[in-house]
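Just so we're clear, the structure is a prediction, and the values are computed from it rather than from any experiment.
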Amino acid sequence: MSSSIENSHFLLRRLHSLLGLVPIGAFLVFHLWENSQSRFGAAHYNDEVVGALQGLNYLLVFELFLIALPLLFHAGYGLVILRHGRAEPRRYGYLRNRLYWLQRLSGVGLILFLLLHVGLTRIAGLFDPAISADLFGHMQRALMQPPVFGLYLVGLLLAVFHLANGLATAAIVWGLTTSAEAQRRFGWVCAGFGLLLAAMGVHGLLGFLIAPGAGGGA
Amino acid sequence: MSGGQQGGQVIVIGGGLGGLWATLAIAAAGHRVTLFSLFEVMRSHSACAQGGINAVLDTKGQHDSVRQHIVDTIKGGSYLANQPPIQSMCEDAPGLIRTFERMGVTFSRTPEGLLDLRLFGGVKNKRTCFAGASTGQQLLYGVDQQVRRLETEGQVAKQEWWEFLSIVRDADGVCRGIVALDLRSLEVRAFRADAVVLATGGLGQIYAPKTTCSTNSTGAAASRVYQQGARFANAEFFQFHPTAMLGEDKTRLMTEAARGEGGRVWVPKDPADRREPTRIPEAERFYFLEEWYPSYGNTVPRDIASRAIWKVTRELGLGIGGGDRVYLDLTHLERGFVSTRLGAILSIYRKFAGQDPLTTPMEIFPAAHYAMGGLWVDYEKDPATGGMRRGSPRNHATSIPGLYACGECDYAYHGANRLGANSLLSASYSGRVAGEAVASYLSGLERGAEAAPAAVFDAEQGRQAEINQRLMRSDGDQNPFRLHRELGELMTTKVGVIRDNAGLDEAIAELQALEQRFERLDLAESSAWANQSLAHARQVLDMVRLAQVMAVSARARDECRGAHFKPAFDIKMPEDSFPGEPAFEAYRERWKANNAEWLKTTVADHGPDGPRIHFEPVDLGLLAPEQPRDYR
Amino acid sequence: MQAQTPSDSPACETVELQIRRQHGPTSRPYWQTFACPVRPGANVVSLLMDLREHCVTQDGTRVDPVAFEHNCMEEVCGACAMLINGSPRPACSALIAELEAPIRLEPLPKFPVVRDLMVDRAALFAHLKQVKAWIKLDGPWDVHERAPRVSPKEWQANYLYSRCMSCGCCMAACPQFGPQFGPEATFVGPAPLAQVRLMNAHPTGRYDKAERLHAIMADGGLSDCGNAQNCVRVCPKAIPLTTAIGELGRETTLQAFKDLFGPH
């Protein structure tokens, strides 16, 4: 009678959904909040934010098991799921169907963005200690270039959308919202959450450009 | 199978309520069933019944009784139905409802969670179980789900998209299987079976497009076994529903409740009046039901309303624009009231006519609705109870051994007219009884179908394949779809709501001429894959032959009874006279004398020169015809 | 407009009908155009019926009648569903007067074409079996006891689901359902899921609730739903399919807990 355990299908799908929210979604919120501190300037950012993180006990374990592996699974299994659907956003122009399509589109976009983002920061930092020593400066120099800024802006919005919409559909998947009315209401809640999150994220990006000491090399 | 208790092989033809019930009963007895259907099972016409299903539950404080249900059914049918089957059906109805409920049918509920009952036409007590406005659909799905389960268990096999063409009889005349046509590959194949159940539904398509019946209610299957020797009974009795909305493809039923709740039926006094109906002043409208039947007005019974509308349009030429249509007007009623009471028909009319009955009068006309007549079936009377003997192999057996019939394609329960909400009951009940009878038949069978020589199957298969080949080669000028339309027009006009012998004689001659035109068929397509014209052409030809039975039966009955109305033989009830008064008693005597002559079942046998009619007595053991129907 | 009589005017106008045709399951589809006379009240089925009698294309070529399925013509049998101007819907309730011309007719997508506008919906019925969409009866005989009571409120919710006529529109519009994803990975689709919701609500159908939930927790089950929610938008009977999916989400969550931690 425990076929839902013996058959991995259900568990894998739910794991995919769960990991998207916790820890990945939660990390996104934390990450954007952290980076919104860019507006306090290089010193604060490098010491209080990045420095505090780097001083965490078992940092690598956290990074590996709370971020990297869940993200890899979520992305990889997401690509598997992608193969089992075919969106027709134009034939069925309903909002939820468009969101279905955008969720998949944003997922693929995010994979590409994250490869770049993680590569430019965390991975590059492994090889060049100067990057992790002055992450603020590193990011600032990058974001000063309009194409990179544009790319980060798009990546940010994709991530926020993917999380907010994922939250709305997860509520259906897990059975939190069942009636159409509840689904619609929670949809607006998620939209509001997404907008706030996006605002915070944009603020963080702008912070690198307008923070005290911006424009110089600290 | 060779006469064992279990393990027989039965073919059931038709996936409506009757066929699926028969399937369940046969499978419950341990036999295997192959279920044949023209389309995916669950799409049958049973789904169309909206109103409900009668069963005496007596949960409304009205002291309803099974006896009253029996009496209502007998009287509703003008005493023409044998009474033992009616008795058994009404007695078993509550148990049938309980079984449906166990299957998960979503019957509407009372505040206490019990089955709700509604009042239906022709009776005094609330006796009709219903599931929203889609009772037939819900009942059908209930049994469909059970059959699907049996299918997964291997006890039932479905042959969907196969059309029944004929039965196969051995040298003793016993039915040993069927020949069917694969509607996709056009393969003609014989199937062996120890018994065959026909549950192929009604025949309203004979009146197309003025019928509420589905496209596949052609009566072709019943016609085919009739042509192979099965008797056909009471073919002249066909119920017309007075208020069906017009349509190019079919007419759709607007429930009587529309009149009951205050709807008014009228036509413009000038048929050439082309104004919008709402712009026609009261003085220029003819409310003919109210004028002709002052005491009843618009709420006259179905048959009277149908005849009045027929008279206004066809005899007086006063139909709207001179055509076959009159207004059924709800626009004068309070909108909130109409919306709550008649929500279902409002939405049907809006959906299919694109107009709102709250602002525009509906256009309606009588439509062929239900065949009381059908394949003659036997029953065995249980002297102890007066009903049918349970489990008798004679119940629902046609005149061909091994061939059973149930549902609308038999004639057993409705006599000369059907009581509202008794059709879903008779379809379900007869299916179950037929299934039980088949099980008894199989246990008494000495040799199964496998003992029948292959030659009889090969011969019948060859004969049917040959018919198809001839049709495929046809190069005449007669389009089968056009012939169908002409058949419908002819039957609607001459074997319809009102009949007269001169018209019936013409109809018989014209039907023969119509049949002959099939010699010059133009099939319009020669595709060897999913050729719908081929199947249709065959159906229409068999419909024409069945129409002949209907016309000849109608010609043979010189009286008015139930749905069969010949004005020349009408015995009118004196209007202001009541039982005990001389005028009424004189009428009662004439009525009884008429019964003495005509209260008998019409039975048609297929002959080389057309249908041969004889009559059979009716079992009146329960209720003798003493009281004429009096709705006053 | 108001001077025009709504009825009785003879066939005067014509409408252009573009039909995607296909001789058989493996043949190449092609398009044909017909000019059909339209009478008031005409719908797609009535036009196709007229075409059977006189099947001539716009350029005057006589062709085989268009094969299509229809039966009740009252939107309860589910037979005539097809793609009309790109949307899946029953043809009988598609009034010509309310459609944009030219009218494009295509077979219901996602299901294999039999011929022209006829499709084979066997997958739908197979999925109903897969999810065990029935109440387990001891037998079809009378047990002289009625089923337990159902509150009117519960009835009201259940009734909506019992009106599903398996027309296949929801499956046709579902981005997750389709033969292109391979038979082993086929999503059961919204209609069978809604039936699980219905059967699990029945007083005795509940006995097999876990079995049905396990059926939809397997491959191709509930978790393959992508929440695009086209199903509920195209359903001709306005069945709250996505509500059923949400409720089943909750039920499967609880079921998974039971499976993991007991009681079984």
Side-chain angles (χ1 to χ4, degrees), chain B residues 24-25 28 39-40 42-43 45 47-48 95 98-99 101-104 106 108-109 111-114 131-132 134 137-138 141 145-146 148-149 151-152 184 214-216 246-250 252 274 276 320-321 323 325 348 351-355 363 432 479 481-482 524-525 527 529-530 532-533, chain C residues 2 5-8 23-24 39 41-43 45-46 49 52-53 55 64-65 67 69-79 92-93 95 97-98 114-115 118 121 125 128-129 133-135 137 139-142 144-147 149-152 155 158-159 162-163 165-166 199 202 204-205:
Chain B
L24 289 181
F39 36 79
E40 291 146 334
M42 90 176 290
R43 309 214 186 277
H45 185 62
C48 290
R98 287 193 290 267
T99 314
E101 204 188 350
R102 283 161 51 221
M103 289 174 182
T106 51
S108 297
R109 302 285 162 162
E112 297 176 49
L114 292 170
S134 62
Q137 188 185 24
Q138 304 314 322
Y141 294 174
Q145 288 153 10
Q146 294 304 316
R148 186 164 296 112
R149 180 161 78 98
E151 203 186 350
T152 58
R184 297 189 234 197
S214 299
T215 317
N216 289 291
L246 300 157
E248 290 298 325
D249 43 353
K250 79 175 289 192
R252 296 173 178 88
R274 294 263 163 181
E276 293 270 344
I320 304 163
R325 58 186 75 203
I348 292 177
K351 187 167 256 179
F352 290 99
Q355 288 176 329
E363 297 184 5
R432 183 153 88 177
N479 179 289
F481 297 97
R482 191 184 168 78
E525 68 174 313
S527 169
W529 173 258
Q532 294 182 319
S533 304
Chain C
Q2 59 193 40
T5 348
S7 51
D8 262 352
H23 282 307
R39 288 181 295 264
N43 57 45
V45 166
S46 75
M49 287 169 90
R52 299 187 303 190
E53 208 175 304
C55 205
D64 280 355
E69 259 202 289
H70 66 302
N71 195 26
C72 78
M73 298 173 281
E74 292 181 8
E75 216 186 59
V76 287
C77 81
C92 64
S93 56
L95 300 185
E98 293 171 2
V114 175
R115 186 181 171 191
M118 288 169 81
R121 279 167 281 203
F125 297 102
L128 285 174
K129 289 179 193 159
W134 50 69
I135 309 290
L137 238 58
W141 44 76
D142 185 14
H144 309 284
E145 196 181 320
R146 47 182 307 270
R149 301 184 184 205
V150 175
S151 78
W155 170 81
N158 294 344
Y159 180 67
S162 64
R163 296 218 60 200
M165 54 188 182
S166 298
M199 298 301 148
H202 186 265
T204 56

Looking only at atom types and distance, does a side-chain atom of [X] sit under 3.5 Å from a main-chain N or O of [Y], one as donor and one as acceptor?
X      : Y      : answer
B:Q146 : C:I135 : yes
C:D64  : B:E525 : no
C:H202 : B:E101 : yes
B:R43  : C:C77  : yes
B:R432 : C:P140 : yes
B:E40  : C:R121 : yes
C:E74  : B:R252 : no
B:R109 : C:W155 : no
B:D249 : C:V45  : no
B:R102 : C:G139 : yes

Segment of [X] engaging chain C (4.5 angstrom heavy-atom cut-off):
X      : result
B:E151 : side chain
B:A524 : both
B:N216 : both

(message) So for atom CZ, which belongs to B:R482, do other residues, nucleotides or ligands contribute more than 12 heavy atoms lying within a distance under 6.0 Å?
(response) no
(message) Does atom CD (C:E98) have a neighbourhood of more than 12 heavy atoms from anything else shown, all under 6.0 Å?
(response) yes
Minimal non-hydrogen separation, [X] against [Y], with atom names:
X      : Y      : value
C:F125 : B:M42  : CE2-SD, 3.3 Å
C:S93  : B:K351 : CB-CG, 3.8 Å
C:V76  : B:C48  : CG2-SG, 3.9 Å

For [X], which atoms come within 4.5 Å of any heavy atom of chain B: side chain, backbone, both, or neither?
X      : result
C:A67  : both
C:M165 : both
C:M49  : side chain
C:E53  : both
C:L137 : both
C:E75  : both
C:N71  : both

At a heavy-atom distance under 4.5 Å, which candidate from [options] has the highest pair count against chain C?
options                : result
B:L24, B:L114, B:T152  : B:L114
B:G247, B:A530, B:S533 : B:A530
B:A47, B:A25, B:G132   : B:G132

(request) Identify which of C:C92, C:G24, C:A97, C:C55 forms the greatest number of heavy-atom pairs closer than 4.5 Å to chain B. (result) C:C92
(request) Mind ranking C:A147, C:S151, C:G205 by heavy-atom pairs under 4.5 Å with chain B and telling me who comes out on top? (result) C:A147
Can you measure from [atom1] ([X]) to [atom2] ([Y]) and round to the nearest 0.5 angstrom?
X      : Y      : atom1 : atom2 : value
C:R39  : B:E248 : CZ    : CD    : 4.0 Å
C:S166 : B:Y141 : OG    : OH    : 6.5 Å
C:K129 : B:R149 : NZ    : CZ    : 14.0 Å
B:Q532 : C:E69  : CD    : CD    : 8.0 Å
C:H144 : B:T99  : NE2   : OG1   : 9.0 Å

(request) Could you walk me through whether C:Y159 and B:S134 pass side-chain hydrogen bond (donor to acceptor under 3.5 Å, both in side chains), step by step? (result) CA-CA 10 Å; C:Y159 180 67; B:S134 62; 2.7 Å; yes
(request) Taking the side chain as every heavy atom from C-beta outward, state whether C:R115 and B:W529 have any pair of such atoms under 4.5 Å apart. (result) yes
